[in-house]
Amino acid sequence: MTAMLIGSARVLRSDLKTCDAADVLIEDGFIQAIEPPGRITRENVERVEATDRLLVPGLVNGHTHGHGGLGKGAVGDRVPLEVFLSASGAINGNRTVEDKRLSATLTCIELVRKGCTAAYDLFVEYPIPTREGMDAVADAYAEIGMRGAIAPMMADHTLYSALPGLMQALPPDLRRRAQQIEAAPYEASISAAKDILSNWRHNREQLRPALGPTIPLHCTDAFLLACARLAEEYGVSLQTHVAESKAQARLGLTKYGKSLIAHLQALGLLGPRFSAAHGIWLDADDIARLADAGAGVVHNPMSNLRLGSGVAPARALLQAGVLLGIGTDASNTSDGQNMFEAQRLAALLSRIADADPDRWLSVEQVFRAATEGSAAILGFDRIGRLQPGYRADIVFLDIGHINYVPLRNPLRQLVFAENGAAIDSVMINGRFVLRAGRLLNIDEARVRRQVEAAVERLDAANSQALEAAEPFRDLVGHFCLAHARAPLHVHRRLPDDR
Ligand SMILES: [Zn+2]
């Protein structure tokens, strides 16, 4: 691969303050040098002029679901988490391997178009994950040129057997129907996951396998333990949704007699491989447990607002030393894959949690979480910064765009004002995947035609299942609402208040 010299760009350096004009030398996928214009005198380089471009590290999405791509627009207005979950099997039903690939492709297209160069993808297949399915998802990432941690999302409980008291709260006819819905036994999922992990044929510098037991309440302890053992055996990371809704946190107390995080700690799951998606209803002890274990939490502010789940204590997590990442969650519950919006929401939501401006998330903290923080949670090193020795995963923003006129403080403007509209090009591993607004590795018009056709077919195939899920909707909603309204002694004490 020939070397490339990107000339005269404004480059946001790793201190997130310096942003002067510079030339950037890229070779073998790495940033080799960043120097004032004209100083790099290397010959035999492809020169790319980048005047009027602001170069920033590619954003890293710490939590998404590629299966949500084909589910865009399917989740109604004013739908809380558990009500969404009561219909999600039907929304994702009847998919062929090609549909799964297509859903991941659609998700990747939006990720790249909105400045994301890597993502942690918990992808669901029913009833159990398959090697073909996960390969198709990884192939979709590879085709676009993205990095990813790809995790089969698995459970051995249904929603109805997962939430203590829910089955009993259903009227007899619906209870009978709910009892007939069965999750696959965990041994089947574990052996499928093992098959996926031991036959991973993708370049691990770009695509890593991971594990995604979906939600602790939805997994038996034996299953969670088997996942943890697999993660250890294969050296992969593990992510699960923790305390995303208040109902989850309360029902966790009912089921385990302790908080969800305390339960995961008792099982031995917490550690540097572990990350919790959402982590909203945590108390100060949970936060300390996560920090002590070197575990991560991925903040998903958009999805959390869309589902009315709450606001994660991001500042307290950072303060305690928990590794913080930022994610979008799936396009079905987040309505898109916009990490710029996720950053802005993270910054702004921290301001309603505390009146003390010293306790608001700063733009530096938010940007680091959305780059280096998420990268560490995905298990990739040397991404998330523009610095020699780091991978050349770079977003080129047009500073002629109205978002940057006048350009006064690039970092502040990109966290508070950017929405993806000023993205001109995206490079991953030293190669352009989006250039001057055009995706280079995929025919978007073809993908659109395929998506429209697939959705028409799948919506028809799933209509009966969606109809069958309908009577559960209000009952699940009311059951969880009662828990959401009841008191939960979550202490939002900040560690330095102790
Ligand atoms: Zn999620």
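All values below come from the heavy atoms of this structure, side chains included, with hydrogens, waters and symmetry mates left out. First listed ligand is number 1; within each ligand, the first listed atom is number 1.
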Open item on the list: Does this structure show an ion pair linking D292 with R289, if we count only N-O contacts that are shorter than 4.0 Å?
Closed with: no

Task: Sidechain N-carboxylate O distance under 4.0 Å for R315, D354 - done: no

Task: Atom CD of E182: over 12 foreign heavy atoms under 6.0 Å - done: no

Task: Heteroatom N/O/S of H241 within less than 2.8 Å of the Zn ion (ligand 1) - done: yes

- [ ] Using a cut-off of strictly less than 2.8 Å, determine whether D329 has an N/O/S atom near the Zn ion (ligand 1).
- [x] yes

Task: Opening angle between NE2 in H63 and NE2 in H65, taken at the Zn ion (ligand 1), to 10 degrees - done: 100°

TODO: Mark yes or no for whether W281, through its side chain, and S309, through its backbone, hold a donor-acceptor pair below 3.5 Å.
DONE: yes

